[in-house]
**Q** 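Take this structure, written in structure tokens, and hold onto it; I'll ask about it next.
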Amino acid sequence: MRNSARVALVASTLTVVTVVSGCGTSNSASDSNVSATNNHSTAKSETGGSASINTDVKTGTNKGTLVLYAAEGYDAAMGAAFEKKTGIKVEVHDDSTGPLITDAESQASNPHWDVIWFDGDSSAQAMDNQGLLLQGWTPNDVNNYTALGQSLIAKDKSYYPTGVTGMGAIGYDPKVTPESDLPKTFNDLLEPQWKNAIAMNDPAISGPTYPLVAGVVQQMASVASGERFFTQLKNNGLHVYDTNSVSINALLTGKVKLAIVQDSALMNDEASGDPIAIDYLQSGTYTLPSVIAIDKQAPDMAAAKEFVEFALSQEGQKVMINPKVAGADAYLTPVIKGVSATPLATSSRKNVNWVRVDPITAAIQKNSLETWFHDNITY
Amino acid sequence: MITLRTNPKRSSLGNLESLPSLFIMCILIVYPLASLLIQIVFPNVFSAHMNWKFSVSDVGRVLSVPLNVISIVNSLWMGAIGAVIAVIIGTVTAFGAQNASGWTKKLIHTCVWIILFAPSFVIASGWVVLLQGGGIIPELFHFSPNAFNWFFSPVGLFLIMGLRYFPFAHFAMTQSLQNIGPEYIRAAKLLGAKRWTIFFQIWLRLLAPALLAGATIAFAEGFGDYSLASVITPNLNVPLVAFQIYSALYELPVDFSSAAVLSLIVIVVTAAAIMLQFWWLNRRRYGTISGSSWADVSSEKERPKWVVWLALFVIAIGLILPLGATLIQSFWKNNFQGFAAANWTISNYVSALGVGDSGLAALLRTAMYALITSCIVMLLGLYIAQQMTFNKSAVNKSINAVTMSTIAIPGIVLGCGYVFGWNALYLKPLHMDIFGTSLCLGLAYVAVHLPYAIRLQLSAMLQISPNLLSAAQILGARKGFVLRTIVLPLVMETAISTFLISFTGTMFELPAASMLYPAGHPPISVLINHLFADSDWAPGSALSIIGMLAVFGSYALGNFLLRKLLGGKSLNGTWDRSPTVSSVRGSTETSRVAAAPQGRGSSPTDLTITHT
């Protein structure tokens, strides 16, 4: 038994030494790459190991790893497409917008990310206000933007739109709720017939939802009026769930009758055969740009710029509008010339009263409104 | 006579020898936890615009937020009720096992162990998929989607907590039940005591330490368990403090001060609960082990079978319902077609296991983390415990205090400390800003498990007779030789147990992993939790089943190798003899049973691990 035990201890030690030395090897390899490029992401070099180091055969230069923080359905597909096209390794950190932004903000002084991509220009503007985003950079082919796209570019060029969807659409089950009963305005949601029957997302987590909250505040002309509306909505039994998918799940399973969510998420469920239909309030639906931005201290700035340009190219956009790889976020309205929306997105968005939420004002109010919502409405 | 034990080093050399252990503990535990305190009193130290301006004003601000207060109060009273329910259930199952025999006894113990071993978030999500609208029960019996609305409230939380944490009470009670000899019962019967009098006046009184230990651990677990709260808070709409800590850091807007202050409150409350238990137990003696030997000779007829059936019923509810629901859900396409033939699929498993898919990658990644963590924990546990046992320096006393106190600290708090401590701006010039790297998560995994490993190893080493060591020294053996040839083989079984605890614990560790995983490389627990958070119940359930099978498989393999290593001896046969040994085979939380004080009379050490 003694010998066996000794063998076990030696074996364990060897395992540790082998594994740890393996890590050390990859780290040192990455470190050498850092010194060669001076801008490689240390975080990813340690996690990605030797696989994260790619050599561009054409130029003979080493390329690092692009760290993409994204809350888009097409982010993994876009990462793969970009990697295939450029040879630059992409680490995609896919999460909800809230956790992504908090993660990026927590790293403010010591960032490990290069590009961030989510829904909601007001959230990007708020990050810009904190000095986290690269300003004043113009991608190639910026003239390819449609007029809608041009209008959504940040004034200081800190973020760029990649597509547009609608926030504040109403999802319902036609078998449960006849079309004639549907609400026409936000105030209609306060009627007793919708008691305990409405779901929306949590703006602390869901990227598209802060623009909804800010949009209501904008339309009701003051923060106090907006807060009063959400308080009344809560008193009418509002359910707040994490994200689009959870709110829609509550609709599908009969917990609620209406889900106030992003229209593209509803289109995706409709396309998959779920018993769901989309309605747009007459009082307005909020224009929701998906926006992409570069970290001011991006560890791999060159790759970050290259990726943003890829996202704005027709080649990249074709990946984004493919529902097979992009899921719900494929149902966007393109902002790049020469790119067509899916037929479902085109047909669904007819006769919509679009309301543009001012990102500057919304960004200024963001912290206090989100805190208020979290403390008073979410639970 | 001079021995390693009786002549511990007290010189400055002894302190020097202890410095590596102190350094390790500082890196892993002391510095991250100190970072929480630093954040509270220097609120801008870890922000982008770092400064060392002293201020405690944030404490008042954090405690003035109603949701923070509600979450603390909820966790307190709901955790307490959950603990009471856990103790009641644990008492039933322990009595059931006591009165069962053969395979029934093994079945009860094994099922309780599986419940203990299963991750909290899988148990909690199992209950959600069982009872939510479109869930298993409403679909099976064609109930209204809102039929179980009563469950999605604090009532459901009590039930989930009770059925989740009762194994702590079960194992604590089983140990005590075995130590109560028949002489007390016989004496009471001779004096004409009735059955209920015997139960309340003898059983419950003698079992008080075990009841308290079980209740304290269940409360401490429930109060700071992020793994449970991550499912409960969003789905049952009940704010709990562990979730509030996470949301302060990972939901908008970021609030470092809230996370730090709430973490400190969790530490204080958990420590207070344990101190209260110590104080209660020290008021009187609860010794039940006497010098006389006895054997359990009660006949089958004397054993009340209804207790056994009740125990089996409770276990079926606690185990089969949530895990069965997870299993069924994992084969469903969606939640609105229910049991219809067209709704059954294996695609959730296929997509999870597809080569290159995130599920399989996460599983393999986590297995690698678990393997490295458990090796390091086992070796460090051996090294530091050996230092503390045979080198009584002042430094080692401080390490002892650290390991004792950190056992009570939940993973969410430790993770919070790592977020602050290892991403500090002042670490950047030193190239020590390891936040966001796999190294950082690996250190956290080790930090979560190391205190348990050290306590268990200490207990094992303290049980080695000093005579054994002194005899070797008298015969001329040097210290290194004695450690290598006598001490190490005797503690090897415990070392392997600590390996298994760390391995299984790391595989499903959620709180630290949620906060610290490297971007784009989530461990399997984080991936499953994300799927559940997005209401992707079917893929999440499939991945949960795969993960649990992988952990069971790893454990079975480890046990098989252990049996080979120990010459046919296995840990498996020790269920009914030593719950502390059985407990070390489960997840990290299980060793709290082993580490819990059982009263002054029941154990010679603070830990009661038994070598069989």
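Every value quoted in this text rests on a predicted model; they were computed, and no experiment measured them. First the proteins, then the strands, lettered A, B, ... as listed; each starts at 1.
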**Q** Would you mind telling me which of A:Val240, A:Asp94, A:Asp95 has the largest number of heavy-atom pairs within less than 4.5 Å of chain B?
**A** A:Asp95
**Q** So B:Pro253 and A:Asn367, do their side chains get closer than 4.5 Å, heavy atoms only?
**A** yes
**Q** Could you check whether atom OH of B:Tyr426 has more than 12 heavy atoms from other residues, nucleotides or ligands sitting under 6.0 Å from it?
**A** yes
**Q** For A:Tyr69, is it the side chain, the backbone, both, or neither that has a heavy atom closer than 4.5 Å to a heavy atom of chain B?
**A** side chain
**Q** Side-chain contact test, heavy atoms from C-beta onward, threshold under 4.5 Å: evaluate it for A:Tyr241 versus B:Asn235 and give yes or no.
**A** no
**Q** Measure the shortest side-chain to side-chain distance between B:Glu251 and A:Glu370 over non-hydrogen atoms and say whether it is less than 4.5 angstrom.
**A** no
**Q** Between chain B and each of A:Asp375, A:Thr378, A:Asn376, count heavy-atom pairs under 4.5 Å; write down the option with the most.
**A** A:Asp375
**Q** Answer yes or no: is there a donor N or O on one side and an acceptor on the other, between the side chain of A:Thr243 and the main chain of B:Asp534, under 3.5 Å?
**A** no
**Q** When you compare the side chain of B:Thr233 with that of A:Tyr379, does any pair of heavy atoms fall below 4.5 Å?
**A** yes
**Q** Nearest 0.5 angstrom please: B:Phe435 CZ to A:Asp103 CG, how far?
**A** 5.5 Å
**Q** For the residue pair A:Ser245 and B:Ser535, what are the closest heavy atoms and their distance?
**A** O-CB, 4.2 Å
**Q** Do the side chains of B:Leu252 and A:Thr102 get nearer than 4.5 Å, heavy atoms only?
**A** yes
**Q** Could you tell me which portion of A:Val92 (side chain, backbone, both or neither) has an atom closer than 4.5 angstrom to a non-hydrogen atom of chain B?
**A** backbone
**Q** Can you establish whether the number of heavy atoms outside A:Lys234 located under 6.0 Å from its atom NZ is more than 12?
**A** yes
**Q** Quick one: closest heavy-atom pair of A:Lys255 and B:Asn146, and the distance?
**A** CA-OD1, 3.8 Å
**Q** Test your reading of the model: is there a side-chain donor-acceptor pair from A:His93 to the backbone of B:Ala519, 3.5 Å cut-off?
**A** no
**Q** Using a cut-off of under 4.5 Å on heavy-atom pairs, state which of B:Leu249, B:Asn149, B:Asn334, B:Leu427 scores highest against chain A.
**A** B:Leu249
**Q** Given a strict heavy-atom distance threshold of 4.5 Å, which part of B:Tyr517 is in contact with chain A: side chain, backbone, both, or neither?
**A** side chain
**Q** Between A:Asp242 and B:Pro234, what is the shortest heavy-atom contact and its length?
**A** OD1-CB, 4.2 Å
**Q** May I have the list of side-chain donor-acceptor pairs in residues 196-205 of chain A shorter than 3.5 Å, sequence neighbours left out?
**A**
| residue | atom | partner | partner atom | Å |
| --- | --- | --- | --- | --- |
| A:Asn201 | OD1 | A:Ser247 | OG | 2.7 |
| A:Asn201 | ND2 | A:Ser206 | OG | 3.4 |
| A:Asn201 | ND2 | A:Thr209 | OG1 | 3.3 |
| A:Asn201 | ND2 | A:Asn244 | OD1 | 2.8 |
| A:Asp202 | OD1 | A:Ala204 | N | 3.0 |

**Q** Strictly under 6.0 Å, is that where the ring centroids of A:His239 and B:Phe152 end up?
**A** no
**Q** Between A:His374 and B:Ser247 (side chain of the first, backbone of the second, donor and acceptor by atom type, cut-off under 3.5 Å), is there such a pair?
**A** no
